[in-house]
Amino acid sequence: MTWQTIILGAGAAGMMCAAHSGPQTLLLDHAKAPGEKIRISGGGRCNFTNLYAGPENFLSQNPHFCKSALSRYSQWDFIELVQKHRIAYHEKTLGQLFCDHSAKDIIQMLLAEMHDAGAELWLNTSIDSVRKTESGFEVKVSRDGKAQTLSCQNLVLATGGKSIPKMGATGLAYDIATQFDLSIIPTHAGLVPFTFPEGRFKPLAGLAHAIRATTDDVSFDEALLFTHRGLSGPAMLQISNYWQESQPIRLNLFPDVPLLETLKARRKTDGRKQIGTVLAQLMPARLAEFLLDGLDVKGNLADQSDAALQSLCEALLSWQVTPSGTEGYRTAEVTLGGIDTDALSSKTMEAKTVSGLYAIGEAVDVTGWLGGYNFQWAWSSGHAAGTAI
Ligand code: FDA
């Protein structure tokens with residue numbers, strides 16, 4: 001069977017591409033349903049974009065690469081599409097837009113757009129091999145236990161990254177890119193919780209606190225969540241994109257409180273109170289107790305000298321923690337690295353050296369922050385390739 005375009009991967013980027021690449025498009029996926037990551041994203045409500053999305057919210061060896069696609073299909077274009085389909089949505093925080101009802105609304109919207117564009121979707125289809133031919137590509141697949149050979153002029157790699165293999169993530173896009181001599185920026189897990197030596201934060205598991213997490217010169221002001229295995233929550237997921245192995249992370253536990261001034265003032269009014277009691281009024285009591293135990297700080301507030309308060313503040317405003325690692329691809333929301341952007345046109349996502357071969361979405365070395373940015377990249381890059389085809 002001959003197609004104009006075959007898209008490998010019916011995730012966010014693949015479906016967006018199929019909605020624009022015209023009739024004679026076939027979308028292939030080994031999963032039994034399209035857009036599975038959309039379905040589970042944002043706690044089932046899909047944080048589908050961010051009002052403030054811009055190139056500065058993305059990591060890549062070439063930070064300029066994402067600019068063209070993001071500007072030609074921006075968050076405003078996607079919001080317009082969501083409005084056209086009458087999907088109710090709201091801003092949760094920090095410009096993050098979520099569906100009011102269900103992430104499935106976004107999947108239905110993309111399926112409707114693909115249907116209107118005349119694209120065909122084959123699920124439960126395994127991709128066995130890909131080969132370049134004189135006129136395009138030959139793709140061997142197995143479907144319903146039957147092997148088939150398909151041919152196409154354009155082949156789009158949209159099989160995403162390696163995150164959450166249990167959901168069917170594979171490195172297929174990287175393998176095919178490598179087969180065509182496109183280089184790959186080494187991949188690792190991003191937007192991922194940190195692990196620490198067993199039991200380190202166990203007494204605090206389940207507790208959340210607003211912090212500023214900093215590594216090198218990047219900081220995020222968001223929530224920290226203690227887990228049985230270590231540290232998670234939006235602040236830590238964000239910082240994980242920038243973290244290098246064995247590097248310490250600084251946690252400011254009072255990013256919005258002038259702590260030293262507050263404690264000195266409270267020393268005048270509440271001097272007879274235990275330091276732990278006063279701190280527990282400014283942060284979760286269990287966390288205050290845990291930290292004071294570690295710092296061996298005891299006694300009434302009135303007992304604390306200026307110097308003692310100063311060093312306590314330094315400890316709480318710059319608490320250094322060094323993770324032993326991350327939870328890896330098992331729970332990572334994204335994969336950092338991927339198909340080298342040097343190999344692709346930033347306007348069309350087409351490989352510079354292989355005519356008709358495109359790569360989009362998470363498979364490419366462009367990774368967004370937490371907060372709807374990764375889906376925006378999927379929409380923008382999918383649109384760039386789809387309209388170029
Ligand atoms: P995506 O992974 O969506 O799609 C790839 C498709 O290829 C899948 O359908 C897969 O089955 C298929 N495939 C893979 N290997 C194959 C093979 N060998 N053969 C055939 N098919 C194959 N982002 C965001 O902006 N807001 C959010 O709220 C969230 N939330 C979120 C929660 C969780 C739990 C995760 C894991 C991730 C998120 N993300 C997110 C990230 C977001 O889901 C991700 O960046 C996009 O889905 C990437 O879109 P792609 O289309 O590139 O890959």
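Start at 1 and go down the list; that is how both ligands and their atoms are numbered. Both backbone and side-chain heavy atoms feed into the values below; hydrogens, waters and symmetry mates do not.
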Kindly compute the distance separating CG (Asp365) from CG (Leu336), expressed to the nearest 0.5 Å. 8.5 Å

Among protein heavy atoms, which lies nearest [atom], and at what distance?
{"atom": "atom 1 (P) of ligand 1", "value": "Gly11 CA, 4.1 Å"}
{"atom": "atom 36 (C) of ligand 1", "value": "Ile164 CD1, 3.5 Å"}
{"atom": "atom 39 (N) of ligand 1", "value": "Glu333 OE1, 3.9 Å"}
{"atom": "atom 18 (N) of ligand 1", "value": "Thr170 OG1, 3.0 Å"}
{"atom": "atom 52 (O) of ligand 1", "value": "Glu362 N, 2.8 Å"}
{"atom": "atom 40 (C) of ligand 1", "value": "Phe375 CE1, 3.7 Å"}

Tell me the contacting part of [X] for ligand 1: side chain, backbone, both, or neither, using a 4.0 Å heavy-atom threshold, strictly below.
{"X": "Thr49", "result": "neither"}
{"X": "Asn47", "result": "both"}
{"X": "Ile127", "result": "side chain"}
{"X": "Ser163", "result": "neither"}
{"X": "Ser126", "result": "neither"}
{"X": "Tyr373", "result": "backbone"}
{"X": "Asp29", "result": "both"}

Is the count of non-hydrogen atoms from other residues, nucleotides or ligands lying under 6.0 Å from Lys352 atom NZ greater than 12? yes

Within 6.0 Å of NZ in Lys132, more than 12 heavy atoms from elsewhere: yes

Could you note down all residue pairs passing salt bridge (Lys or Arg N to Asp or Glu O under 4.0 Å) where residues 280-293 supplies at least one of them, sequence neighbours left out? none

If a pair satisfies salt bridge (Lys or Arg N to Asp or Glu O under 4.0 Å) and one of its residues is in residues 26-54, list it, with sequence neighbours excluded. Glu36-Arg39

Kindly confirm or rule out a cation-pi arrangement of Arg250 over Trp319, judged by NZ or CZ under 6.0 Å from the six-membered ring centre and within 45° of its axis? no

Would His30 and Thr170 satisfy side chain to side chain contact (heavy atoms under 4.5 Å, CB included), going step by step from the backbone distance to the final call? CA-CA 10 Å; His30 63 176; Thr170 68; 3.8 Å; yes

Any non-hydrogen atom of Ala169 lying under 4.0 Å from ligand 1? no

Identify whether the distance between the nearest side-chain nitrogen and carboxylate oxygen of Asp296 and Lys298 falls below 4.0 Å. yes

